[in-house]
Protein chains: 2
Amino acid sequence: AAQPAAMAQSGDSLPSWNDGAVKQGIEAFVRQATTASSAGWVPGAERIAVFDNDGTLWSEQPMYFQFLFALDQVKAMAPAHPEWKTTAPFDAVLAGDVKAVLAGGDKGMAQILMATHTGMDTEQFSQSVSAWVASARHPRSGRPFTDMVYQPMLELLALLRENGFKIYIVSGGTVEFMRAWSERVYGIPPEQVIGTSFVTRFDRGADGRPVLRREAKLDFLDDGPGKPVAIQKYIGRRPVFAFGNSDGDLQMLQWTAAGPGARFMGLVHHTDGEREWAYDRASSIGRLDKALDEATARRWTVVDMKRDWKRVYPFP
Amino acid sequence: AAQPAAMAQSGDSLPSWNDGAVKQGIEAFVRQATTASSAGWVPGAERIAVFDNDGTLWSEQPMYFQFLFALDQVKAMAPAHPEWKTTAPFDAVLAGDVKAVLAGGDKGMAQILMATHTGMDTEQFSQSVSAWVASARHPRSGRPFTDMVYQPMLELLALLRENGFKIYIVSGGTVEFMRAWSERVYGIPPEQVIGTSFVTRFDRGADGRPVLRREAKLDFLDDGPGKPVAIQKYIGRRPVFAFGNSDGDLQMLQWTAAGPGARFMGLVHHTDGEREWAYDRASSIGRLDKALDEATARRWTVVDMKRDWKRVYPFP
Ligand SMILES: [Ca+2]
Ligand SMILES: [Ca+2]
């Protein structure tokens, strides 16, 4: 339910953010967007906010969590695939040799994704994600992966929601992986999750009931220049607020910035090697290089995780 | 704003529907869906309703309105295309020879659609639709095309909205054609319009600003088995309420029907040759044949336009 005076009521809607230019900038944008007499006012229907997921709303180290799910799925599905024991890259996964898996590069990764994400119907896939989310644990924290979300960003999502923003995830991750838990964890319903997708076909199950079959073929890659294309396709409106963390978000930020009136463009910069991870220009996961230069040049908001976040995760 | 007691307040939320089994069936479904103690109760988040557009929410005769837009666009764009004067199917369009245009079949129609719907950026296209909607008139009524919407269906949309349903259009028409006017005419915002789409590319305009360029290539055909696929892709939840008017809606209705709990599947049957048009099994536009058989066999709701609608359009 919309609470126009949310900030005034609670005193501080962003308690996990340290005071400073970043926090003040976010608060000022939201205040002006919701003040009809302000030059920064944004009409209700145009309050569209888009967030990248990996590295923006939750962690993405030591590797994308969805890829860890895929590795676990290979193990779970192995009994039905005896040939995997002697076939790369599956043999390396089953042997627990992550280095060899990563050495297989994009091609090996794509094989693992296809084998674990397609060939079943949409309901079976969602169930396998839900089961994994309930049982799997992050290798460093020992916590469920859905605990590895950023408390400051949860507060930001709530602040935007309370002020009438409609929030979308726009992620390179696959859409049905996120939809299985996005509503519970972020309060973002399935219909506001946009991601990479596989070709899906309407078919009949063994019992004659209609099913949607996931095929081993990429439908849409929601990354880089694909992000503004997906925003247009799914939302049909240009966002006024966009947050990412890597070069894969650059075009989404550019597209958001190019509209008229008040806009907010933000990047999470991973600077905290102690509480989280520190990486940017040279990282193979979540590389932040060109987008960091453009953000600096155009005075977009850059969150310095170490400086700006009082705490990182919801757990102590 | 949600008004749980909408029906009780107004006495009759569907004044343009004649009393009878169809009207009573709709009212009963909505009443039960919103009554927590009822076996037909539907939790708020699952109140997803999907509607076909052409022939379900507005008329589609003497031909799809979007195709009439395309023909008008050929004339508007002709000065920049002198070669069209001597090239089929454009020469026939410019000569006003609709019969010859239709004789060109699907291939000619596709050429006309591509020439008028792609090659520009998304904002230019939306502007051309808005300009057409403001000026063009239906050949029979002399009214704007957006007046040719069904008053009983507008009342049904309002009733569902007031009872917490999130309403999507799922149409074979192209998505950005509908988004240009769906919010004003139906109260359905752009992000709840799903349709056929063209491949779109992130690019730079002449002034260096980012643009989304529409390419002369089909991205997704939102018809027949494509409809449940699109529903999964965009919404990620199975609807509980679906309304169509032709065989192109059959799989959407089957997909809706196959879920657990209370469901509503409806078809508009065009039976009123006097106030609207009468057509079904033999029509090339909006053919209703297999879906009519299945609706009858499975006791889905079939609206007999002549019998069930007190009035057809909002105008007298
Ligand atoms: Ca990211
Ligand atoms: Ca139709």
Side-chain angles (χ1 to χ4, degrees), chain A residues 1-2 44-46 48 121-123 126 166 168 175-176 178-180 182-183 189-195 197-205 207-214 219-220 224-238 250-259, chain B residues 1-2 44-46 48 121-123 126 166 168 175-176 178-180 182-183 189-195 197-205 207-214 219-220 224-238 250-259:
Chain A
E46 289 169 30
I48 303 286
D121 75 47
T122 52
E123 293 184 355
S126 295
K166 195 164 182 178
Y168 286 81
V175 60
E176 285 171 359
M178 297 179 283
R179 280 174 172 165
S182 64
E183 188 152 35
E191 63 268 28
Q192 286 160 229
V193 179
I194 300 170
S197 55
F198 298 101
V199 170
T200 303
R201 194 166 44 84
F202 183 78
D203 198 6
R204 295 278 168 181
D207 58 359
R209 286 183 63 227
V211 293
L212 293 172
R213 194 86 66 195
R214 298 162 62 87
D219 172 46
F220 184 79
K227 289 200 175 190
V229 170
I231 287 169
Q232 178 63 21
K233 196 154 131 170
Y234 283 74
I235 310 176
R237 279 199 236 253
R238 193 195 299 259
L250 180 54
Q251 289 86 353
M252 175 169 86
L253 296 169
Q254 289 171 337
W255 179 244
T256 303
Chain B
E46 289 171 30
I48 302 284
D121 73 49
T122 52
E123 294 186 354
S126 296
K166 194 165 183 178
Y168 285 81
V175 60
E176 286 172 358
M178 295 179 284
R179 280 173 172 167
S182 64
E183 188 153 35
E191 63 267 28
Q192 286 161 230
V193 179
I194 299 170
S197 56
F198 298 101
V199 170
T200 303
R201 194 167 44 84
F202 183 78
D203 198 5
R204 294 280 168 180
D207 58 359
R209 287 182 62 227
V211 294
L212 294 171
R213 193 88 63 196
R214 298 162 62 86
D219 172 47
F220 184 80
K227 290 199 175 192
V229 170
I231 287 168
Q232 178 63 20
K233 195 153 130 171
Y234 283 75
I235 311 176
R237 279 199 236 253
R238 194 194 299 259
L250 180 54
Q251 290 86 352
M252 173 169 86
L253 296 169
Q254 289 171 337
W255 179 243
T256 302

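Lettering of chains follows the sequences in order, A, B, ..., and the numbering in each one begins at 1.
Counting all heavy atoms, side chain and backbone alike, Gly236(A) lies closest to Pro190(B) at O-CB, 4.1 Å.
At a 4.5 Å heavy-atom cutoff, the contact between Arg201(B) and chain A is made by backbone atoms alone. Only the side chain of Arg204(A) comes within less than 4.5 Å of a heavy atom of chain B; its backbone N, CA, C and O stay farther away. Using a 4.5 Å cut-off between heavy atoms, Lys227(A) makes no contact with chain B at all. In this structure, the portion of Tyr168(A) lying under 4.5 Å from any heavy atom of chain B is its side chain and not its backbone. Residue Val193(A) does not touch chain B at all, counting heavy-atom pairs closer than 4.5 Å. Residue Asp203(A) does not touch chain B at all, counting heavy-atom pairs closer than 4.5 Å. Interface remark: Thr200(A) contributes backbone and side-chain atoms alike to the contact with chain B (heavy atom separation under 4.5 Å).
Side-chain contact between Arg214(A) and Gln232(B) is absent, with no heavy-atom pair separated by less than 4.5 Å. No side-chain heavy atom of Glu191(B) sits less than 4.5 Å from a side-chain heavy atom of Gln192(A). In this structure, the side chains of Phe202(B) and Gln254(A) come closer than 4.5 Å at one or more pairs of heavy atoms. Looking only at side-chain heavy atoms (C-beta outward), Trp255(A) and Leu212(B) come within less than 4.5 Å of each other.
Distance CZ/Arg179(B) to CD1/Ile235(A): 9.0 Å, rounded to 0.5 Å.
Counting heavy-atom pairs closer than 4.5 Å to chain A, the top-ranked of the candidates Glu183(B), Arg237(B), Arg209(B), Lys166(B) is Arg237(B). When the candidates Ile48(A), Val175(A), Val229(A) are compared by the number of heavy-atom contacts under 4.5 Å with chain B, Val229(A) comes out ahead.
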